[in-house]
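Accompanying notes for the structure given below.
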Amino acid sequence: MMKTIQYTFIGPIRQAITMANLPLKGALRDEDLEIIQEAGILLKNDKIHQIGSYWDIFPEAQSIGAEMVNLKTDFVAMPGIVDCHTHICFAGSRAQDYAMRNAGKSYLEIAKSGGGIWESVTQTRKASLEKLAQLTAQRANRHLKDGITTIEVKSGYGLSVEEELKMLRAIQLAGESTEGDLIATCLAAHIRPRDFEGNQREYLKKISDELFPILKSENLTNRVDAFIEDTAFSAEDIQNYFEKAKALGFDIVVHADQFHVGGSQVAMDFGAMSADHLEASTEKEIATLANSDTIPVALPGASLGLGVGFTPARKLLDAGASLAIGSDWNPGSAPMGDLLMQASVLGTFQKLSNLEVLAGITFRAAAALGLTDRGSLSSGQLADIILFPTADYREITYQQGRLKPSMVWKRGERV
Ligand SMILES: [Zn+2]
């Protein structure tokens, strides 16, 4: 039997901002943005079949019997948002950390006194796989409502072979309870767990020897991340770990230069997909990143959560680097999880153009995840489309995240 073909025609849309035909790297001016006025988008199953002027496509849509989604008020369409960095698989809260930070304790002091990541590890280990999956799906569905149709999710609160497996299986299970695409990443190299008897390198060896093969055999993730920082792992500690990961075919990702430099160089040495954080990066790191294929990822939610400076996004773009923007949604430093708000605020502080902000949460974020089938509105791309109730696309960042999409399509299905 032939598979039924479902056509859907959406429009007329006041402005469709396609994000198509734009460079992966470097600064972008709003004038470079392709805006289709009075647009129509014809979907064929889960893909965009055609996008262009509404009245040009209308006759074809009618003749093939497309389901008509007639828009009677003002809308701006853009590609579904991609959040390329989250830690939404967790249990518990870190309100205590927040209070301690505001009382003057530093992130590193809190970590050393037993709070910080270890607190989330304790809570997450107590939760069942099913409970974790449920919490993850709930957060993913909140994101989806905000127009985020692809969500990266890291492990890293298990920190033993069994507990990391529980987290990654929970992320996989959560994927069945949300229409959003969840892209899992193994962050067993978040910190060395306090209950591990051995040093950093012994812990990493155990993880790479015992966990990596299972990740492959169960197809739980093809991405391996590590936190390179004074309180976590040094550039030297991580060498063998990343070498093993690469040999097994994993993509590499690095939490880099958050408080001290060093991580971004590791990211580039291993040809990482992305180097995330970079708040502490200096001119030297910026120049090297600009000359690499590693995508810098700014995490303004962490800057807002910790009360520290933002990633030097303007300098990175001006140097010729790419720039993706992620929420870093996590219970410690970035509990808000509102990516559009955070990206807009980053734009204000770093003097980014509207297009640079929107590129950072669409095709550039997709590229950070190695995905080329989403992030722009053009034929052949996944039909991940969000509609904001406005006639001017600039309202999206201008309203700093308060303007939410009122319609979301994921893989051609209205959610
Ligand atoms: Zn993170």
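Atoms within a ligand are numbered from 1 in the order they appear, just like the ligands themselves. Position 1 is the first residue of the sequence; numbering continues from there.
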*Does D230 offer a backbone N or O that forms a donor-acceptor pair with the side chain of S234 under 3.5 Å?*
no
*is_close_aromatic(W329, H85), centroid dist under 6.0 Å*: no
*Which atoms of the protein, restricted to N, O or S, are nearer than 2.8 Å to the Zn ion (ligand 1)?*
H85 NE2, H87 NE2, H255 NE2, D328 OD1
*Between E152 and K154, does at least one N-O distance fall below 4.0 Å, as a salt bridge requires?*
yes
*Set of residues satisfying side-chain hydrogen bond (donor to acceptor under 3.5 Å, both in side chains) with respect to T282, sequence neighbours excluded*: E285
*asked:* Quick one, N240 and L204 - any side-chain contact, counting heavy atoms below 4.5 Å?
replied: no
_Sole candidate of F250, F233, F212 that passes ring-ring contact (aromatic ring centres under 6.0 Å, His included) when paired with Y241_ = F212
